[in-house]
Amino acid sequence: MEIKHTALAGTLESSDVQITLSEGKGISIDLDSQVEKQFGKQIKKVVTDLLAKYNISDVKVHVVDKGALDCTIKARLIAAIQRATDTQNEQNWGVLG
């Protein structure tokens, strides 16, 4: 799947995450988190695993984490992907499995 334009999902509130997707070469993840030392690898794994399920291989991902759980990261990333690929009306429930 191809990123068509920059898209953002999420907020900067406590326990949330803000994810911005834009066009890129390869997968580039920029993580801004106060808990990066403890959970940075897990956050990046959640992001890369979900991008793989959507067959997205060229994207810049900017993640601003405010203590979000994995399920919140997935929800925000799905919203950003749907916005960036113009597929808001095409639900892909298989990516949640």
Shared hydrophobic cluster for [X] and [Y] (ILVMFWY, side-chain gaps under 4.5 Å):
| X | Y | answer |
| --- | --- | --- |
| V63 | L69 | no |
| L8 | I27 | no |
| Y54 | V17 | yes |

Quick one: which residue pairs count as a salt bridge (charged side-chain N to carboxylate O under 4.0 Å, His left out) with a foot in [range], not counting sequence neighbours?
| range | result |
| --- | --- |
| residues 54-76 | D16-R76 |
| residues 84-97 | none |
| residues 31-56 | K45-D49 |

T72: which residues meet the side chain to side chain donor-acceptor pair (under 3.5 Å) condition with it, sequence neighbours left out?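 With sequence neighbours excluded, T72 shows a side chain to side chain donor-acceptor pair (under 3.5 Å) to no residue whatsoever.
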Taking side chain to side chain donor-acceptor pair (under 3.5 Å) as the test, write out the residues that go with N89, two or more places apart.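 Partners of N89 under the side chain to side chain donor-acceptor pair (under 3.5 Å) test: none.
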Can you tell me how far the [atom1] atom of [X] sits from the [atom2] atom of [Y], to the nearest 0.5 Å?
| X | Y | atom1 | atom2 | value |
| --- | --- | --- | --- | --- |
| S22 | I3 | OG | CD1 | 8.5 Å |
| L50 | I56 | CG | CD1 | 8.0 Å |
| H62 | L31 | NE2 | CG | 9.0 Å |

Report yes if the side chains of V61 and T20 come closer than 4.5 Å at any heavy-atom pair, otherwise no.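 No. Closest side-chain heavy atoms not under 4.5 Å.
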Flag yes if more than 12 heavy atoms outside [X] fall under 6.0 Å of its [atom1] atom; otherwise flag no.
| X | atom1 | value |
| --- | --- | --- |
| E13 | CD | no |
| Q88 | CD | yes |
| Q34 | CD | no |

Verdict with supporting geometry, E23 and K4, side chain to side chain contact (heavy atoms under 4.5 Å, CB included): CA-CA 7 Å; E23 295 178 50; K4 296 180 180 178; over 6 Å; no
Over all heavy atoms of both residues, which pair between A80 and A9 is shortest? Give the atoms and the distance, please.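 Closest pair (atom of A80, atom of A9, distance): N-CB, 3.7 Å.
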Determine whether L51 and V59 satisfy the following criterion, side chain to side chain contact (heavy atoms under 4.5 Å, CB included), listing intermediate values before the conclusion. CA-CA 9 Å; L51 290 172; V59 63; 3.9 Å; yes
Using the side chain to side chain contact (heavy atoms under 4.5 Å, CB included) definition, which of the options N92, V95, L21 pairs with I81?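 So, applying the side chain to side chain contact (heavy atoms under 4.5 Å, CB included) to I81 and each of N92, V95, L21, only L21 qualifies.
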List, by chain and number, the other hydrophobic cluster members for V64, where Ile, Leu, Val, Met, Phe, Trp and Tyr join if side-chain heavy atoms come within less than 4.5 Å, directly or indirectly.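 Same cluster as V64: L12.
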